[in-house]
Structures are given as C-alpha cells and as structure tokens.
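Let me begin by presenting the structure, written as structure tokens, before commenting on it.
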Amino acid sequence: MPELPEVEIRRQYLETSSLHQIIANIDVEDRKLLTTDYTTLVTTLAGRQFISTHRVGKNLFVLTDSPDIIVHMHFGMTGDLEYYHSSLDRPRFARIVFEFTNGFNLGFLCPRKFERVGLIDNIDAFLKRKKIGPDGLAISVEELAERIYQKKAFIKPVLLDQSIVAGLGNWIVDEVLFQACIHPERHANTLTNDQFNQLHNAIWLVLKTAIRYEATYRDFPNSFLIHVREWDDSPYDDVEAHKFCPRCSTRIERTEVGGRTTFFCPKEQQLR
DNA sequence: AGACCTGTTTTGGT
DNA sequence: GACCAAAACAGGTC
C-alpha cells in the first residue's frame, strides 16, 4: 500500500527514469482519475519536461521546466509507476501514460482507480488547501507532541489523520504503536512525554526501515509486527509463528479501531 | 462551531 | 462469487 515509504521509492524511481524528457502526449484511459480537465492537462504539459520531484507524506509532486506547472500524484492504495519503451510492453492497469518524444513512456498504474493525478501551480498552497500536515520524516518530537496532545480521540485515528502528521497509513500506524508500546485505543491527550518520545522514535524507525527495504515487508526485521499480516508472503513455513508477538510471544490480537483492521500485542500495548 | 465518527467510493485478489 | 482491503472525503452527530 503506497504510504510514505512506497511513495518515496516511487519518487526515486521517477527521478532516475523520467526527468529531462520532452512530453509529447498523455494517454488517459479513465478521466475520473484526473483532478484536472484532460484537455488542460495535455495542452499544459505537451512540450514540457519533468525536472525534479518533491514528496510530502503520500503526495508526490513532479516539477516541470515551468515553475507554476506541477504534476501532483496520489497513489491511493495500489498505485505504481512503470517506465517502459515499446507500447507492446504497456503494463496492465497503466491507465495514465506520459508519452515522451524519445519513445519512452511513464505509466501510472491504477488497478483500483483510487489514484489521482492532476496539475497544481503551488505546492504550499496545495498542502494548505488539502490540510496536509508536516511529513512523517520531517516532524520534530515537539511538533508531534503539540499536535497530538490536544486530540481526545484514539491515538490510532489521530496518527492516520494526514493533517496531524503526513504519510502514515494503516499498517504503519499499527507498527509504530507496537514499536512504541502504546495501545491503539489510548486517548491521544493522555500520552506522557516519554511516550511522545517513543512515538517519535518509532515513526522514524518504521519509516526508515521501510524505505531501506524498499517496502518489501518480508525483508523487515523479525522484531516487526508486520509479519502477522496475512498478505505478508511469509518466507517461513510455519505461518502460525507470525501470529505471536516477536518480543513476548503473546498471541497478537486483531480488532477494529476507527473502522480499520488493527493488530496489536495485548500484553505490551496496554491501555493506561 | 468544531471535534469526532461513520459511510461511501473503487476494483482486483482471494 | 461474495467479500475484504485501502485512503480520502463527504456527511452525520453531539
């Protein structure tokens, strides 16, 4: 699921594959995926080239050779990028394709159509309008504490809220709370200073680890909770082994918090 | 008013 | 073949 680490990897991918090539056309299979009118998108971008990238949370911005023409990409839950040459190699679900004059293409893959692409003219204005908070890797402990401290809701939905801190999705929040030993239903305004520090460290650890392993979950350290998720292609034969806490061997609980599937260790992540 | 919570959207994989 | 997963936003409640 493209959360901050996956979007960072896609950013690096786009940066190494698709800069400094002139855009000839954009092929769009389903216009619902666009947040900008199709004709405007094509006429604005034709003849231009991508020159750099920027990421905030799960949002990828691709800057062009015109300062106020920026492509915004959001990868939804299954979005991906693939750079390819021949149209015969067009990947499945490449519903938006940036065609370059050199014959290469950048495909934006959208299997579930939860993805969005559009033009913006100013990144800061966009972030403000969308109420996107500081990036998970850029936020300081003080800033994090300040923002969480005033919320009364459960800590899990608070961490999922992109206006508090940007880039954390469902599995990352579970992992962060596990690493910080905080119960997902702990009320945000009851956290101690120690816990804010643990939370900040955990966010850093989880995001950095995910980026280092290019978000390939099975490669993550054994100390990670993520291995209990069934969609982790287990490298081990005994799938049952993954249903237990990697630190204390207690059976991991699966519940719903704020309408989202939640995994946690009932022994190490207790309320109060 | 504002904080919080729930429902809807979308489709492929199981 | 029904059901689940996900993020963001709309709409609801108190």
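Predicted model only: the values in this text are computed from it and were never measured. When reading the values below, keep in mind they use all heavy atoms of this one structure, side chains included, and skip hydrogens, waters and symmetry mates.
Between A:His85 and A:Asn105, the side chains place no donor N or O within less than 3.5 Å of an acceptor N or O (distance only, hydrogens not considered). When only modelled atom types and interatomic distance are considered, A:Lys156 and A:Asn170 share a side-chain donor-acceptor pair under 3.5 Å.
Summarising the geometry, the separation between NZ on A:Lys152 and P on C:dC14 is reported as 16 Å, rounded to the nearest angstrom. Taking atom CG on A:Leu160 and atom C1' on C:dA6, their separation rounds to 11 Å, with Å as the unit. Atom P of nucleotide B:dA3 and atom OH of A:Tyr149 are separated by 16 Å, given to the nearest angstrom. Look at CG on A:Asp161: it is 10 Å from C1' on B:dC4, rounded to the nearest Å. Summarising the geometry, the separation between CG on A:Asp30 and P on B:dT9 is reported as 16 Å, rounded to the nearest angstrom. Taking atom CZ of residue A:Arg112 and atom P of nucleotide B:dT8, one finds them 20 Å apart after rounding to whole Å. Distance A:Leu33 CG to B:dT9 C1': 13 Å, rounded to the nearest Å. Rounded to an integer number of Å, the gap from A:Leu109 CG to B:dT11 P is 15 Å.
Across all strands shown, A:Gly169 has heavy atoms under 4.0 Å from sugar-phosphate atoms exclusively, and none from any base. Using a 4.0 Å heavy-atom criterion, one finds that A:Phe93 contacts the sugar-phosphate atoms exclusively.
Using cut-offs of 30° and 60° for the angle between ring planes, the A:Tyr149 and A:Phe196 rings count as perpendicular.
Both geometric conditions, a ring-centre gap below 5.5 Å and a plane tilt below 30°, are fulfilled for A:Phe114 over the base of C:dA6.
Distance from the side chain of A:Ala153 is smallest to B:dC5 among B:dC5, C:dA5, B:dT11. The nucleotide whose nearest atom lies closest to any side-chain atom of A:Lys130 is, among C:dC9, C:dA6, C:dA8, C:dC9. The listed nucleotides are B:dC5, B:dT11, C:dA6; the one nearest the side chain of A:Asn170 is C:dA6.
Within the 4.0 Å cut-off from OP1 or OP2 of B:dT9, not a single side-chain nitrogen or oxygen of A:Lys32 is found. For C:dA6, neither phosphate oxygen OP1 nor OP2 lies less than 4.0 angstrom from any side-chain nitrogen or oxygen of A:Lys58. For the pair A:Arg95 and B:dT10, the criterion of a side-chain N or O lying under 4.0 Å from OP1 or OP2 is not met.
The cluster map of Ile, Leu, Val, Met, Phe, Trp and Tyr, joined by side-chain heavy atoms under 4.5 Å apart, puts A:Ile26 and A:Phe104 in the same cluster.
Using N1 to N3 plus N6-O4 or O6-N4 for Watson-Crick, or N1-O2 and O6-N3 for G-U wobble, each under 3.5 Å, C:dC4 pairs with B:dG12.
Judged by the 6.0 Å and 45° rule, A:Arg116 forms no cation-pi pair with A:Phe75.
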